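Only this structure's heavy atoms are used, side chains among them; waters, hydrogens and symmetry mates stay out. Predicted model only: the values in this text are computed from it and were never measured. Note on naming: letters A, B, ... go to the chains in the order of the sequence lines (proteins, then strands), and numbering restarts at 1 for each one.
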There are 2 protein chains.
Amino acid sequence: MAEDPLSHPALDKAAGEEFLREAFQIILEEAVRKGTDVTEKVCDWRKPQDLQEILDLELRGSGEPQQRVLEHCRDVIHYSVKTCHPRFFNQLFSGLDPHALVGRMITETLNTSQYTYEIAPVFVLMEEVVLKKLRELIGWGSGDGIFCPGGSLSNIYAMNVARYQRFPDSKQTGIWALPRLAVFTSQECHYSVQKGAAFLGIGTDNIYLVGVDERGKMIPADLEKQINKAKSEGACPFFVNATCGTTVLGAFDPLADVADVCERHGAWFHVDAAWGGSALLSRRHRHLLRGIERADSVAWNPHKMLMTGLQCSAFLLRDSSGLLQRCHGANATYLFQTDKFYDVAYDTGDKTIQCGRKVDCLKLWLMWKANGTEGLEKRVDRAFEFTRYLAEEIKKREGFQLVIEPEFINLCFWFVPHSLRGKEGCADYWERLGKVSAGNAGSGVGGEPPFSDG
Amino acid sequence: MAEDPLSHPALDKAAGEEFLREAFQIILEEAVRKGTDVTEKVCDWRKPQDLQEILDLELRGSGEPQQRVLEHCRDVIHYSVKTCHPRFFNQLFSGLDPHALVGRMITETLNTSQYTYEIAPVFVLMEEVVLKKLRELIGWGSGDGIFCPGGSLSNIYAMNVARYQRFPDSKQTGIWALPRLAVFTSQECHYSVQKGAAFLGIGTDNIYLVGVDERGKMIPADLEKQINKAKSEGACPFFVNATCGTTVLGAFDPLADVADVCERHGAWFHVDAAWGGSALLSRRHRHLLRGIERADSVAWNPHKMLMTGLQCSAFLLRDSSGLLQRCHGANATYLFQTDKFYDVAYDTGDKTIQCGRKVDCLKLWLMWKANGTEGLEKRVDRAFEFTRYLAEEIKKREGFQLVIEPEFINLCFWFVPHSLRGKEGCADYWERLGKVSAGNAGSGVGGEPPFSDG
């Protein structure tokens, strides 16, 4: 068979390993070392047209030599924003945890799709251990859950599971015969509630926005008012979303009071703790989520404050009757055969609306192993301390103005330029001030950068 | 400030780098080298209870020493299934492309969330280049698209965009006032069509299953019949899903004929080419997808046959009017500000129902750069040749029986044990034969293993 091209491998193993080694060195030097070095730039900014010229993005008929491909690796890293940099203050995370990164690299190399125990034995068991740990921190002795590609999908899953629990037949019949379904959430909530209502066929008009207090927290009395309003309009109030850590102010809705209202009206109580959930790890700060154990479901993204890296988003349920599986399951026989030689309860892949699904548990598990619950707690506490420190600095510094005293790690402030100082009374003051930060995220402090130089 | 704990980094940079280096060595030896070595096991199989005992999965209060964490890395790799192994014949992929793997490792290290140009400059431009290339292979000179977390979500996106295009108000109002929406797909289609109909509130009862011929291809005349049936029942036939590469037989629906039917009835024409799309790269085999250029949308997963690694799933649209953005957009002002200092058309993150979104384009781009379109074409052609080779071997070999001549790279066969040979006439023959492969996937040939030893 020596002449048969099929009898030879298509790739040269040694060359492949050599490429991996060289590329790893580039990753280590350019992305890890420089990317976390406070004396380097967070971003070498270029306009789209200029960047298009610099990067040779075009895909051609012929392959390029290894050295050129390695140059591409360097360029991609160089012109990307260094989200691990101590001075990266854009959305939601910062810093680099080497254990989580190794978890991600192993995940990528093994390239497992987490359908079944037969294909993902280690990760099926590991996901369950990690989800159980997260549920324990919520205060649940049992329950269910799955890792999702992002907190938005976790929130949308919650809405769908709530609908299914109330109207199980709608999975087959659609929602035409159902009463108009009403969703309740505060005006400060994440926009995924809106996206979810649209996507699930419920419609954004059927979201009742609940008022918030001066700290951005949902007002339970207004929730009750809105629910009664919806009922009087013939709608079915099936789903309440409370937020732990709102996007802008970092507000925590009063969960226990919201739970009371949900109980009175038989509504599903979901907590979007995508951002704020990690405060549960802190004995000092977990009081912010008091009442979360009364939720029916929780969305919690360790890829935010805990620094596992994208994507690591847990959708957690209090239910342990198999509701999630019944809601999302399609029982595809080519994948989820029932005549296997092991307990097919370990085949968890049908709990999602995905088919192929990335392994999202290993990075969190490995990081947890290395740091322990106590190490993660310190990380969370440190982020709070940094925020407190920055708030005090802002108060001392001329031209800076705190919007509100932080209770979480969001810190909202104004920078008032010289030309506007002392002109708070002017008619166009707020309009002009608003333009100062145009184009900047500028209003949040992300997770802490442990590789920081100080 | 020397005494202030906040003035010190939480992690030791040098120790972090050392850990990365040691872990990379383990990944290279255990996952890459052994994982692709034909003389090593694909899987060191253990029952769930036994594996639970072997792996020390529990998460504790205290962190574990680095050497112990590295042992965990070894164990995780050792007991995981080696999807890169030449003898891995479970679902949908196999082999290891070192360029794609490097793309994944850079992605993980940079940890970019692909919302906006400001946070993901390189990847916003790169995603567009890659999607454009995929669209060109479909035969579209313009269009739109986005990478999704898997082909199921791409298919579900298609269904939602089709609904929105027909009934744009339903995004706000929900679907109560709409006529009953009817979905058409063959009985051989992927189960995500079912999951999507349930999730979007349409309901699985409103899926009309279209008959297939002896090769598993949709019968266009039956599609027309089903559409007319739905119309006569007062339903609105808004969405037709055709499949390129069905899950079991690898069948390609006759796209041009299906397109004719869709045009006559004004239905959205979606092609689920998650599995079969990569045949477009082969000049010899792309005829299988003749007519795909007439689709309104296409799902195509390079993570399957092209070996980019999970997840790499493109959702592609012929529309270039911004339909996708209008359908999924929520215009969250904290993220998608309109007063930025660059053209915000580059801020593509609002085209999805996700918020944070992993970078999925780099692995494909880097692999394409290294191999060229011609290299990828060879990879696809080789997979076809392997399948052809295996089909001929099966015909020669006693006790093996081909279910159907393959036209794609799925190969379905029976293994007939001695006890059943020559007993095709017995009443319980098929029942007994079916039990032979119980618990085995056994009926598909995945992508080709380029690191194979022969």
Roughly how far, to the nearest 0.5 Å, is the CD atom of Glu374(B) from the CZ atom of Arg60(A)? 12.5 Å
So what's closer than 4.5 Å to chain B heavy atoms on Tyr164(A): side chain, backbone, both or neither? neither
Sort out for me which of Glu58(B), Gln66(B), Lys82(B), Lys171(B) touches chain A most, counting heavy-atom pairs under 4.5 Å. Lys171(B)
Between Trp176(A) and Ile202(B), is any pair of side-chain heavy atoms under 4.5 Å apart? yes
Between Ser152(B), Gly151(B), Pro48(B), Ala370(B), which shows the greatest number of heavy-atom pairs under 4.5 Å with chain A? Pro48(B)
Can you tell which part of Phe123(B) gets under 4.5 Å to a heavy atom of chain A, answering side chain, backbone, both or neither? side chain
Given the options Ser313(B), Gly174(B), Gly63(B), Gly61(B), which has more heavy-atom pairs under 4.5 Å with chain A than any of the others? Gly61(B)
Which bit of Asp56(A) is near chain B, if near means a heavy-atom gap under 4.5 Å: side chain, backbone, both or neither? both
Below 4.5 Å from any heavy atom of chain A, which atoms of Ser170(B) appear? Answer side chain, backbone, both or neither. backbone
Side chain, backbone, both or neither of Asn160(A) within contact of chain B (heavy atoms, under 4.5 Å): side chain
Side chain of Lys133(A), backbone of Glu128(A): donor and acceptor closer than 3.5 Å? no
Under a 4.5 Å heavy-atom cut-off, does chain A meet the side chain of Cys73(B), its backbone, both or neither? both
Pairs of heavy atoms under 4.5 Å with chain B: top-ranked of Ile119(A), Val69(A), Leu55(A): Ile119(A)
Pick from Arg68(B), His328(B), Lys358(B), Met126(B) with the largest number of heavy-atom pairs that fall under 4.5 Å of chain A: Lys358(B)
Among the listed options Val81(A), Val129(A), Ile175(A), Asn206(A), the residue most often paired with chain B at heavy-atom distances under 4.5 Å: Ile175(A)
Engaged part of His303(A) at the chain B interface, taking heavy atoms whose separation is under 4.5 Å: neither
Tyr342(A) versus chain B, the contacting section by heavy-atom distance below 4.5 Å: side chain
Under 4.5 Å, counting heavy-atom pairs only, tell me which of Gly196(B), Gly329(B), Ser192(B), Pro121(B) racks up the most with chain A. Pro121(B)
Among His190(A), Arg21(A), Lys363(A), who wins on heavy-atom pairs under 4.5 Å with chain B? Arg21(A)
Are Leu200(A) and Leu200(B) side-chain neighbours, meaning at least one heavy-atom pair lies under 4.5 Å? no
Would you check if the side chain of Gln354(A) reaches a backbone N or O of Gly150(B) as a donor-acceptor pair within less than 3.5 Å? no
First locate atom CZ of Phe24(A), then atom CD1 of Ile27(B), and finally report the distance between them rounded to the nearest 0.5 Å. 7.5 Å
Measuring from Thr109(A):OG1 to Ile26(B):CD1, what's the distance to the nearest 0.5 Å? 12.0 Å
How far apart are the closest heavy atoms of Gly103(A) and Leu366(A), and which atoms are they? N-CD2, 3.7 Å
Name the member of Gln52(A), Arg46(A), Met105(A) that forms the most heavy-atom pairs with chain B at distances under 4.5 Å. Met105(A)
Which region of Tyr346(A), side chain (C-beta onward) or backbone (N, CA, C, O), has a non-hydrogen atom less than 4.5 Å from a non-hydrogen atom of chain B, or is it both or neither? side chain
Determine yes or no for a side-chain-to-main-chain donor-acceptor pair under 3.5 angstrom, with Thr83(A) supplying the side chain and Asn111(B) the backbone. yes
Of the listed Gly356(A), Gly35(A), Ser113(A), the one with the largest count of heavy-atom pairs under 4.5 Å with chain B is Ser113(A)
So, does Arg104(B) use its side chain to make a donor-acceptor pair with the main chain of Glu108(A) at under 3.5 Å? yes
Which answer fits Arg357(A), side chain, backbone, both or neither, if we ask what part of it has an atom under 4.5 Å from a heavy atom of chain B? backbone
Segment of Lys47(B) engaging chain A (4.5 angstrom heavy-atom cut-off): backbone
If you round to the nearest 0.5 Å, how far is CG of Leu310(B) from OG1 of Thr107(A)? 11.0 Å
Carboxylate-amine/guanidinium proximity below 4.0 Å for Asp37(B) and Lys13(A): no
Max heavy-atom pairs within cutoff under 4.5 Å with chain B, candidates Tyr115(A), Trp368(A), Tyr117(A), goes to Tyr117(A)
Ring centroid separation for His72(B) and Trp365(A), is it under 6.0 angstrom? yes
Under a 4.5 Å heavy-atom cut-off, does chain B meet the side chain of Leu362(A), its backbone, both or neither? side chain
To the closest 0.5 Å, what do you measure between CD (Glu64(B)) and CG (Leu59(B))? 9.0 Å
For chain A, the option from Val124(B), Asp343(B), Leu181(B), Asn331(B) that forms the most heavy-atom pairs under 4.5 Å: Leu181(B)
